[in-house]
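Right, one structure below, let's go through it.
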Amino acid sequence: MTQLTPPGPAGNFYQQLQELRADFLAYLMNAAEAHGDLVRLNPGPGTYLYLVNHPDLVRQILVTHANQYHKSAMTQKMVGRFLGNGLIVNEEESHKKQRKLAQPAFHKQRVDAYAQSMVDLTEQEMQTWHPDKPFDFEARMNALTMKIVARTLFGTGVVGGTRKVGEIMEVFADAISGQFRALPLPQWLPIPRHQRQRAAVAQMDTLIDQMVADWHTKGQDNGDLMSMLLLARDEETGEGMTRKQLRDELVSIYFAGHETVAKLLSWVVFLLTQHTAVAEKVRAELAQVLDGRPPTPTDLPQLTKLDQVVKETLRLYPSAWVFDRSPVVDVELAGYHVPAGATIYVSPYVSHRDKRFYDRPNEFVPDRFAAGWEQALPKYAYYPFGGGPRICIGQSFAEMEAKLILATILSKTEFKLATTDPILPEPGATLRPKNGLPLNMVRG
Ligand code: HEM
């Protein structure tokens with residue numbers, strides 16, 4: 001029999017909001033541990049917010065019953081304001097159509113062609129680092145991944161330079177992260193934050209218009225993602241994307257494609273500073289496979305230790321630590337009735353630390369990803385890139401980029417933390433180290 005309300009944390013809306021704002025990750029972990037597979041959170045009267053906490057439910061929502069769910073109204077609104085109707089928030093037939101048009105831009109052959117730019121830009125970045133001069137590694141990784149996505153999306157022709165686009169993206173990311181920190185204020189309020197956000201959207205539109213216009217004057221495939229998207233044609237109608245849709249896809253890929261990777265790189269390097277024996281093994285493997293030369297995509301299958309470290313880092317600190325869905329019809333989950341329009345949190349962070357499926361869930365143990373182990377896990381106990389029809393379109397891009405950057409950096413440098421403060425995760429649009437990652441380069 002379908003029951004009405006799943007269990008959830010005690011306390012009224014204000015108490016829960018306080019807890020949530022004090023430590024969102026702890027709030028979700030505690031809720032999951034105490035209340036089982038489906039948890040009802042209490043975000044306020046008349047609102048329905050749930051957390052799913054079992055691989056079978058994650059699979060039901062993301063894969064087997066994906067057509068019963070959309071992104072939540074809040075995500076549509078917050079993300080849509082900046083990224084328009086790009087892949088991240090698009091739905092149903094239009095999502096399917098756009099996904100099909102964009103997919104070829106992410107095929108392996110195409111993505112492999114970006115490898116050289118990824119390595120070159122990493123080497124350029126490393127030349128700016130000096131031994132014994134502490135620097136914020138996280139900030140540098142943001143700048144690097146931003147340059148890489150700009151180069152791969154737009155070729156060399158980023159109008160206004162990557163710095164300008166970077167500033168705009170920061171405004172977007174800050175606004176989108178805001179939904180995890182405070183209740184959103186109505187957009188019509190003429191506060192500086194909203195004015196800044198509107199200006200950033202307008203500037204981004206102008207930049208993209210200029211880049212598309214520049215492209216049309218040459219009108220050819222430059223090997224970049226924008227060329228692919230501009231040349232993409234619907235199989236049946238032969239039609240390309242509208243200018244607005246193209247803008248939305250470019251901005252969405254730009255947004256989804258840099259911070260996520262930058263945070264992954266930061267967490268890997270942080271964890272290696274704490275686990276020097278693992279770091280040694282990674283370096284030994286790099287020395288053996290690369291023998292001092294820059295990495296290429298063909299080296300990656302041999303870098304098994306590095307692969308385990310990346311996977312284990314994405315387990316403990318998944319960049320996309322939570323995302324949401326909203327049922328478009330009333331559904332049943334774990335024997336409970338969930339009304340249409342409810343918001344359901346799906347959290348890789350919570351799932352990846354589930355004691356039922358992970359031994360020593362909070363410890364960094366890359367060896368657990370030895371051959372065959374992941375395949376033996378229940379499906380959707382580990383899903384840093386999501387699953388089903390909305391699985392990350394950039395997964396191969398991200399995995400290759402992260403490994404090439406790490407191979408380039410770790411084969412030449414070693415780091416030590418340049419702070420005695422704990423490095424703690426801060427949940428926002430992505431999961432980032434709260435006060436950045438101050439490092440000292442000790443070999444370079
Ligand atoms: C470590 C890096 C990354 C992680 C952990 C990650 C994670 C994810 C996850 C979990 C989703 C699914 C969200 C959902 O179902 O609601 C997603 C979607 C997406 N990602 Fe990634 N991502 C990463 C890198 C990238 C890169 C490099 C790109 C592009 C170059 C990218 C582009 C996208 C896009 C466009 C979507 C929306 C797909 C759709 O809904 O059809 N991501 N990503």
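Here, residue 1 is the first one in the sequence, and each next residue gets the next number. Keep in mind that this is a model prediction, so the values were computed, not measured. Whatever order the structure lists them in is the order used to number ligands and atoms, beginning at 1.
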Give the atom numbers and elements of ligand 1 that come within less than 4.0 Å of a heavy atom of [X].
| X | value |
| --- | --- |
| Phe106 | 29 (C), 30 (C) |
| Ile253 | 29 (C), 30 (C) |
| His95 | 39 (C), 40 (O), 41 (O) |
| Arg99 | 38 (C), 39 (C), 41 (O) |

Query raised in the report: When you check the gap from the basic side-chain N to the acidic O, do Glu239 and Arg233 get nearer than 4.0 Å?
Result: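 Here Glu239 does not pair with Arg233 in a salt bridge, since their nearest N and O are not under 4.0 Å apart.
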Requested in this report: Using a strict cut-off of less than 4.0 Å between a Lys/Arg side-chain nitrogen and an Asp/Glu carboxylate oxygen, indicate whether Arg356 and Asp37 qualify as a salt bridge.
Outcome: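 Salt bridge present between Arg356 and Asp37.
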Query raised in the report: Do Arg353 and Tyr358 meet the cation-pi criteria used here (NZ or CZ under 6.0 Å from the six-membered ring centre, within 45° of the axis)?
Result: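 No cation-pi geometry.
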**Report entry** Within-cut-off N or O pair, Arg390 and ligand 1, under 3.5 Å
**Finding:**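 Min N/O separation from ligand 1 is below 3.5 Å for Arg390.
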Report task. Write out the residue and atom name of the closest protein heavy atom to atom 37 (C) of ligand 1, then the distance separating them to 0.1 Å. Result ->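 Minimum-distance protein heavy atom for atom 37 (C) of ligand 1 reads Ile88 CG1, 3.8 Å.
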Report task. With sequence neighbours left out, write down each residue that passes side chain to side chain contact (heavy atoms under 4.5 Å, CB included) with Ser72, or none if nothing qualifies. Result ->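 Here the qualifying residues are Met74, Thr75, Asp324, Ser326, Thr343.
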Requested in this report: For atom 21 (Fe) of ligand 1, check which protein N, O or S atoms are under 2.8 Å away and list them.
Outcome: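 Near atom 21 (Fe) of ligand 1, below 2.8 Å, one finds Cys392 SG.
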**Report entry** Residues Gln395, Phe106; criterion side-chain contact (heavy atoms from CB on, under 4.5 Å); working and verdict
**Finding:** CA-CA 9 Å; Gln395 177 172 355; Phe106 291 94; over 6 Å; no
Query raised in the report: What do you reckon, are the aromatic ring centroids of His352 and Phe357 less than 6.0 Å apart?
Result: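 Ring centroids of His352 and Phe357 are no less than 6.0 Å from each other.
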